[in-house]
Amino acid sequence: MDYADDRDELNELMQVRRDKLQDLYDLGIDPFGEKFERTHTAQEIIDGFDNLENEETKISGRIMSMRTHGKASFADLMDHTGRIQLYFRVNSLGEEGYALLQKLDIGDILGITGKIFRTRRGEISVEVLDLKFLSKSLRPLPEKWHGLKDVDLRYRQRYVDLIVNPGVREVFETRSKIIQSMRSFLSDRGYFEVETPTLHVIAGGASARPFTTHHNALDMDLYLRIAPELYLKRLLVGGFDRVFEIGKMFRNEGISTKHNPEFTMCELYMAYGDASDMMKITEEIYAHIAQELVGSTKIVFQGQEIDLTPPWPRKPMLDAIEEYSGVDLRGLDDSQARQVAKEKGLQVEPNALYSQILDEFFDVFVEPNLIQPIFITDHPVEVSPLAKRKKDNPSLTDRFEPFIVTWEVANGFTELNDPIDQEQRFRQQVAQRDLGDDEAHMMDEDYIRALEHGMPPAGGLGIGIDRMVMLFTDSPSIRDVLLFPHMRPRS
RNA sequence: GAGCCAUUAGCUCAGUCGGUAGAGCACCUGACUUUUAAUCAGGGCGUCCCGCGUUCGAAUCGCGGAUGGCUCACCA
């Protein structure tokens, strides 16, 4: 087999690497070696140097830079813990062994057997006694100093981004820690982790357009779930006391710095509880994770200090609107609300509903001001079809949304457990659907049936994991916290 | 979906008035046995995002398209 083939289609840099590959084969060396058992990681050698000096070690990783000096050379080897310097000397490797360096490229993955020592300049290093090619790299890496900056390439070729931009790995390590931390937090409090279907016959539990797919054997269309809510509450009917699920949701909507078509949410439900329990747990989870990650409940996001220390203030939506817009929307009907909105310079559809105008007021006047954590509560019943009405005002619900740095980071409420009210709410949603609102709920007869068996009063909460990770990793774009964010295919 | 901006060597970027493309890193050749953005000498590398047009001549101007970024709209 001629590994230096296809020369016409390769640029010079790749041709050179193919030639070296062929040279290795000619020398009887497998450039794509086998299992290599390391004894230390780079970080272990650096941390444990005092006890390891002059010891033999086996380490593996990728060559990230080389400095050759005639009969002695230096290279940096990177593994998942960090970098360590390699020192090659013709005296220790012999003429033949040392000559192999000519076949070495930045990006090659090596298995090194060597001796741990410190150079004259003080750098902890490994003097190479034997090197094995574990994988020859046939493509050049981006430049050592500037790395890979082109965000398009960074997302499309995340593997390269991860190799050359060390901060990227940290973000995803933090993401993993956050999810682990959330799991143990909930599990420690008696929450039981479950998995519910992602293929739904009825896409319910949120107001969003679903993705549609098709089951061939059953010859039926199915939806990718927009929320796990209705299944999790069926489990409360079934007798589970506290449940949670962490998983992907799919919503067929726009892509932005805060939206990806698939995103991760944690939903949890507490039987015999209510919204106030959920607000408490929201604050506690955020504070707990902050404490674990940075050892403080104060964090910095994009240069702003955010104080996550509980308790967070709570403010009814209508109070917040009055505070920031100066307008009291309480008790208005649809047309009065439209009139007030026009006076404040908002764009309103000619037949906009009161609840929609409320939403618009909130988005324009309130949201941009919500930097520090705050719970906005008491949403109108029309936009909260699964939440229980407030006892003292049946047009509002016992619902809350926490905001941090102007983002809605979660959504929770006291769950509606009255099957008759629920059925009426669904009917209203279906009516809106018929009027062209394709984000309104569909009727879910089986869910009503489940409620008819009796669901305990309960609090429920959904936390957006991606936004939480953005906040804790100081990432301004959701794409920075997704390993492989959605991209249009490149032609 | 709309507006604005970007796309030039493997990577990071220059490119003046429209005159036919440059730097650094990386790469190749040589020197160098403790360097670390190693150094020194020499070298080569381009679908200037794609297509059409204007022009004697287009990386540069015009039109259309692709991809990305930001803002807005929808949403978590």
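Just so we're on the same page: letters track the sequence lines, and every chain starts at 1.
- Centroid-to-centroid, the aromatic rings of A:Phe301 and A:Trp407 come within less than 6.0 Å.
- Heavy atoms of A:Gln85 sit under 4.0 angstrom from at least one base atom.
- Salt bridge annotation for A:Asp161-A:Arg158: present, with a cationic side-chain nitrogen under 4.0 angstrom from a carboxylate oxygen.
- Spacing between atom CZ of A:Arg67 and atom C1' of B:C40 amounts to 17 Å, rounded to whole angstrom units.
- Base engagement by A:Glu123 is indicated by at least one non-hydrogen atom pair under 4.0 Å involving a base atom.
- Using a 4.0 Å heavy-atom distance criterion, A:Arg83 is classed as making no nucleic acid contact.
- B:G62 is paired with B:C52 under the criterion used here, namely a Watson-Crick or G-U wobble arrangement in which both key atom distances are under 3.5 Å.
- Base pairing of B:C4 is made with B:G69, judged by Watson-Crick or G-U wobble geometry with both donor-acceptor distances under 3.5 Å.
- Taking a cutoff of 4.0 Å between a charged side-chain nitrogen and a carboxylate oxygen, A:Asp398 and A:Lys388 do not qualify as a salt bridge.
- Summarising the base pairing, B:G46 is matched to no nucleotide, lacking a Watson-Crick or G-U wobble pair whose two defining distances lie under 3.5 Å.
- Distance, A:Arg154 CZ to B:G69 C1': 12 Å, rounded to whole Å.
- Rounded to a whole Å, the CG atom of A:Asp363 is 11 Å from the C1' atom of B:A73.
- Checking A:Arg89 against A:Lys144, the closest nucleotide of RNA chain B that is more toward the 5' end is the one next to A:Arg89.
- The aromatic rings of A:Tyr231 and A:His200 sit tilted, their planes meeting at an angle between 30° and 60°.
- Note on A:Leu153: only backbone sugar-phosphate atoms sit closer than 4.0 angstrom, heavy atoms only; bases stay farther off.
- As judged by a 4.0 angstrom heavy-atom cut-off over every strand, A:Met487 is placed among residues touching the sugar-phosphate backbone only.
- Taking the nucleotide of RNA chain B with the nearest heavy atom to each of A:Lys258 and A:Arg156, the more 5' of the two is matched to A:Arg156.
- Under 4.0 Å is where a charged nitrogen must lie from a carboxylate oxygen, and between A:Arg118 and A:Glu53 no such pair does.
- The closest donor-acceptor contact from the side chain of A:Gln302 to the backbone of A:Asp474 lies under 3.5 Å.
- Pairing for B:C11 is with B:G24, a Watson-Crick or G-U wobble pair whose two hydrogen-bonding atom distances lie under 3.5 Å.
- Counting to the nearest Å, the P atom of B:A9 and the NE2 atom of A:His146 are 16 Å from each other.
- Looking at heavy-atom distances under 4.0 Å, A:Val16 makes contact with sugar-phosphate atoms alone, never a base.
- With centres under 5.5 Å and a plane angle under 30° as the test, the ring of A:Trp145 is not stacked against the base of B:G24.
- Within 4.0 Å of A:Thr68, counting heavy atoms only, lies at least one base atom of the nucleic acid.
- If you take CE of A:Met78 and P of B:U36, they are 21 Å apart, rounded to a whole angstrom.
- Among the protein residues, A:Gly462 comes within range of no part of the nucleic acid, since none of its heavy atoms lies under 4.0 Å from any strand.
- Spacing between B:A26 and B:A41 at atom P, rounded to whole Å, works out to 15 Å.
- Distance CE (A:Met66) to P (B:C27): 6 Å, rounded to an integer number of Å.
- A:Glu415 contributes no side-chain N or O that, together with a main-chain N or O of A:Ala458, makes up a donor-acceptor pair within less than 3.5 Å.
- Residue contacts shown for A:Leu148 are limited to sugar-phosphate atoms, with no base heavy atom under 4.0 Å away.
- Taking only side-chain atoms of A:Arg488, from C-beta outward, the nucleotide of B:U34, B:G10, B:G1 with the closest atom is B:G1.
- Residue A:Ser65 is classed as having no contact, given no heavy-atom separation below 4.0 Å to the nucleic acid.
- Taking 4.0 angstrom as the limit, A:Arg121 places none of its side-chain polar atoms (N or O) nearer than this to OP1 or OP2 of B:U34.
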Handout entry: From CA spacing to verdict: side-chain contact (heavy atoms from CB on, under 4.5 Å), A:Leu293, A:Lys177
Key = CA-CA 8 Å; A:Leu293 288 179; A:Lys177 277 185 206 154; 4.1 Å; yes

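- Using atom P as the reference point in both B:U8 and B:C49, the two lie 6 Å apart (nearest Å).
- Distance NZ (A:Lys149) to C1' (B:G69): 15 Å, rounded to an integer number of Å.
- When the C1' atom is compared between B:C48 and B:G15, the two are found 10 Å apart, to the nearest whole Å.
- Among the protein residues, A:Asn91 comes within range of the nucleic acid bases, having at least one heavy atom under 4.0 Å from a base atom.
- As judged by a 4.0 angstrom heavy-atom cut-off over every strand, A:Tyr98 is placed among residues making no nucleic acid contact.
- Separating the CD atom of A:Glu143 from the C1' atom of B:C27 is a distance of 13 Å, rounded to the nearest angstrom.
- Within 4.0 Å of A:Asp359, counting heavy atoms only, lies no atom of the nucleic acid at all.
- Across all strands shown, B:A31 is found opposite B:U39 as a Watson-Crick or G-U wobble partner, with both distances under 3.5 Å.
- Rounded to the nearest Å, the gap between the C1' atom of B:A58 and that of B:G18 is 6 Å.
- Among the protein residues, A:Gly464 comes within range of no part of the nucleic acid, since none of its heavy atoms lies under 4.0 Å from any strand.
- Of the C1' atoms belonging to B:U67 and B:C27, the separation is 29 Å, rounded to the nearest Å.
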